[in-house]
Colleague: 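Below are the structure tokens for one structure; questions will follow.
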Amino acid sequence: NDKVSYVFADPNVCGCLYVGSEQAYNQYKRDRLERHIANEQAYAAQEYNDAQWNWNAWGPWDASYGFTYGPGLVGW
């Protein structure tokens, strides 16, 4: 009768089908996006807390070590 149902197969977690309304599907999409963002933020936090990102461990940085900008200071 003109009623729309959404079906989502989940073979990885439960091996089941989720069936629901458009509202339920939209909520699922919002939850999925929020989980994706949270996972990306957790991954980035973990990566940037790695000691390899500690630029101070590389020693001091000045014009003699690399590319510089400014009047008369362009080049290697």
Colleague: Output side-chain donor-acceptor pairs under 3.5 Å for residues 31-43, partner residues at least two apart or in another chain, one line each.
Modeller:
from: Asp31; atom 1: OD1; to: Gln27; atom 2: NE2; distance (Å): 2.8
from: Asn39; atom 1: ND2; to: Arg35; atom 2: O; distance (Å): 3.3

Colleague: By the definition side chain to side chain contact (heavy atoms under 4.5 Å, CB included), identify the one residue from Asn12, Asp10, Leu17 that meets it with Cys14.
Modeller: Asp10
Colleague: Tracing side-chain links under 4.5 Å among I, L, V, M, F, W and Y, which residues wind up in one group with Tyr28?
Modeller: Val4, Tyr6, Phe8, Tyr18, Tyr25
